[in-house]
Structure formats: structure tokens, C-alpha cells
Amino acid sequence: MRTSLSPAPRALVLGSREIHVWSVALRHVPVEAADGVLDPQERARAARIRHRTGRWRYLTAHLALRTLLAGYLGVAPERPRFTRRCPEPEVCGDCGAGRPVLLPGPWPHLEFSLSHSGTAALVGLCRAPVAVGVDVERIRPAFDWSRLPDVGPLGRLAGFRTWTAIEAVGKAAGTGLRDPVTVGPPGAGGVRRARRPGDGSDWYVHEAGCPDGYAGSVATRMPDAAVRSFRWPPPGVPLPDPSVILQPSGS
């Protein structure tokens, strides 16, 4: 019997200058639906994750991403197919790395980004060709940010906010943490400007709405982007127990 997912937000439409950021409580995502929704590459990658909790986190986050995309694209969640867009194919020979993108299909061209940490995930979406990057991190009680030059000697919460800003810019650019990112202080509306070496224009980083105990950021090149935050799935969905649903590899 196929497990049904909570309905996606079909009524929502992305405006030309909008970014929608969805905060997802992964405990509310029915991981048993994975076999019927995720594609073979996603299932194979999940199977290679040895740690049971990490495998559960990957499966539920990708189920959430596909379900939200389905609502915007008007298709079943198993329909979208993805590839990766190398940011510098002339340098690396189109190595297959870079940020994930939708393959062309009978749907509008959207850009998206996914991040997960602990029991939370963020999904960011906007209209192409504008790139978007999101990052979420569980705030650990003690972390020495002075060890990371890009962050510096900041307090715990400020450090996590700056780190998620750096990660979000790297995801939007498709380079990850390969290149250093400089993040400025919050400006008007709390928006922070960020720069990467070789970039001819700024990136703009907004703080993303997250559950208590998490920090998150969304990055874009749009200086006047309207960032709207939502939550999925709706409260009241039964919580799956990952320790029961998932078994160790090889079982």
C-alpha cells in the first residue's frame, strides 16, 4: 500500500521577484513513501549512507523537496528529474558537480535549493534564471568559530548565522565551500551583502525562518528579492519513528 504525503501548496505561485522558503519538520514526513517517490539515483545514494539517522534525514528531506516542487510544477512528486549544473564547465570540463537543477519538462523552469540538519530542512524556490541557495544548521551549545577564518571570533548564534550565510552563497553559486565568502553586517531589513572572489556583483543574504534551536539563511543575487517563509507539512501529521522504519544497512 502506498503511503500518501501531505498535500503540497498548489495554491501558491511564485512572483518574478519572490523567493519562497519552506521550513520542514522532518519528523512529520512519512519516510515510508520514499520507495514510491524518489528516483533510483536518490535511493541508491541513501542506501550508501551507513548511519541510520543520516539515511532517514536524507530520505525525508528529499521527499519534502519533491512534494513541494510537485505543488509548484503541477505534477506528481515522482515526476521531476534532476541534473547538476557546473558553474565553470570551461575550467573543469563539466565535471558533473555544482548545484542541482530541474531537467526540462512539461513544467515551469524553477530554481531550488535544499539543506537539512538535525530534524529540520529548508527548501528554497524561485523563478529561473535567478539562482537561490539555502542552508540550515542545528545550533550546537559550544563551537569555537575562531577556528574558521571566514567566520572569525563571533558568539555562538552570530557564528551560526554567518556560517549559514556562507554556505547559502556557496550553494547558490554552485561552488560550495571551494571559494571563500565574505559576509557583511546586516543592513536595511536585516539583509547582508556577501562577496566571492571573481564575482562582479554582490550576493544578498536573508535570515530564514527556522525552528527553535536552528539557524538558516537564503542567498540570491536579487537585491530587492521578496523572501516569504512557510512551514510544511501541516501540524497534526503522525510522526514516523525513524528507529522503527529504518534498519541498518545490510539487514
Side-chain angles (χ1 to χ4, degrees), residues 19 21-24 26 45 49-51 53-55 57-58 61 65 84-88 91-92 95-100 111-124 131-223 225 227 229:
I19 296 176
V21 182
W22 290 86
S23 174
V24 181
L26 295 178
R45 182 171 179 180
I49 301 174
R50 292 189 175 185
H51 196 280
T53 302
R55 190 162 70 254
R57 185 182 300 119
Y58 178 92
L65 169 65
R84 288 189 176 271
R85 180 180 297 158
C86 178
E88 298 174 329
V91 174
C92 67
C95 60
R99 58 190 176 87
E111 299 286 350
F112 66 90
S113 181
L114 169 67
S115 177
H116 48 79
S117 176
T119 60
L122 284 182
V123 176
V132 62
V134 298
D135 188 65
V136 62
E137 296 288 342
R138 181 177 62 84
I139 299 173
R140 271 83 77 188
F143 199 94
D144 182 10
W145 288 111
S146 63
R147 296 181 299 165
L148 299 179
D150 286 350
V151 178
L154 296 176
R156 182 181 56 148
L157 182 56
F160 276 102
R161 286 175 173 166
T162 297
W163 180 251
T164 60
I166 291 170
E167 288 260 28
V169 170
K171 289 182 177 182
T175 57
L177 298 177
R178 185 184 69 191
D179 298 323
V181 177
T182 302
V183 182
V191 179
R192 306 174 73 175
R193 292 194 180 201
R195 295 300 299 264
R196 296 175 57 254
D199 264 1
S201 59
D202 289 340
W203 292 87
Y204 299 87
V205 182
H206 301 247
E207 188 175 339
C210 296
D212 290 342
Y214 291 83
S217 295
V218 53
T220 176
R221 284 196 188 276
M222 288 192 292
V227 178
S229 297

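- Although no hydrogens or angles enter the test, the distance criterion places no donor-acceptor pair under 3.5 Å between the side chain of Arg138 and the main chain of Gly213.
- The heavy-atom pair separating Pro180 from Pro197 by the smallest distance is O-CD, 3.1 Å.
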Q: Apply side chain to side chain contact (heavy atoms under 4.5 Å, CB included) to the pair Thr175 and Arg196, showing each step before the final yes or no.
A: CA-CA 10 Å; Thr175 57; Arg196 296 175 57 254; 3.2 Å; yes

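- Looking at every heavy atom in both residues, His206 comes nearest to Ala225 through CE1-O, 3.8 Å.
- Separating the CZ atom in Arg161 from the CD1 atom in Ile166 is a distance of 15.0 Å, to the nearest 0.5 Å.
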Q: Please report the C-alpha distance between Ser115 and Asp135 in whole Å, then the side-chain angles of each, then the deciding distance to 0.1 Å, and finally whether the side chain to side chain donor-acceptor pair (under 3.5 Å) criterion is met.
A: CA-CA 5 Å; Ser115 177; Asp135 188 65; 3.3 Å; yes

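- For the pair Ser23/Ser229, no side-chain contact is recorded, criterion being any heavy-atom separation below 4.5 Å from C-beta on.
- Residues Pro223 and Asp202 are not in side-chain contact: their nearest non-hydrogen atoms beyond the backbone lie 4.5 Å or more apart.
- No side-chain heavy atom of Ile49 sits less than 4.5 Å from a side-chain heavy atom of Arg57.
- Smallest separation of non-hydrogen atoms from Ala121 and Ala61: CB-CB, 4.4 Å.
- Put simply, the side chain of Arg195 gets close to the backbone of Asp199: a donor and an acceptor are under 3.5 Å apart.
- Shortest non-hydrogen contact noted between Gly118 and Leu26 is O-CD1, 4.3 Å.
- Arg99 contributes a side-chain N or O that, together with a main-chain N or O of Ala172, makes up a donor-acceptor pair within less than 3.5 Å.
- How far OG1 of Thr162 is from CG of Leu148: 11.0 Å, rounded to the nearest 0.5 Å.
- Panel note: side chain Ser113, backbone Val134; a donor-acceptor pair is recorded below 3.5 Å.
- Note that CD1 of Ile139 is 5.0 Å distant from CG of Leu157, once rounded to the nearest 0.5 Å.
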Q | Test log, rule side chain to side chain contact (heavy atoms under 4.5 Å, CB included), inputs Thr220 and Val218 | A | CA-CA 7 Å; Thr220 176; Val218 53; 5.8 Å; no

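- Here the straight-line distance linking atom OG1 of Thr182 with atom CZ of Arg192 works out to 11.5 Å at 0.5 Å rounding.
- Between atom CH2 of residue Trp22 and atom CG of residue Leu65 there is a gap of 13.0 Å, rounded to the nearest 0.5 Å.
- Judged by distance alone, the side chain of Tyr214 and the main-chain N or O of Thr119 form a donor-acceptor pair under 3.5 Å.
- The shortest non-hydrogen separation linking Arg156 to Arg140 is CD-O, 3.0 Å.
- Here NE2 of His116 is found 10.5 Å from CD of Glu137. Values are rounded to the nearest 0.5 Å.
- Within the cation-pi definition used here (under 6.0 Å to the ring centroid, within 45° of the axis), Arg193 does not qualify as a partner of Trp203.
- Pairing each heavy atom of Ser117 with each of Val136, the nearest pair is CB-O, 3.4 Å.
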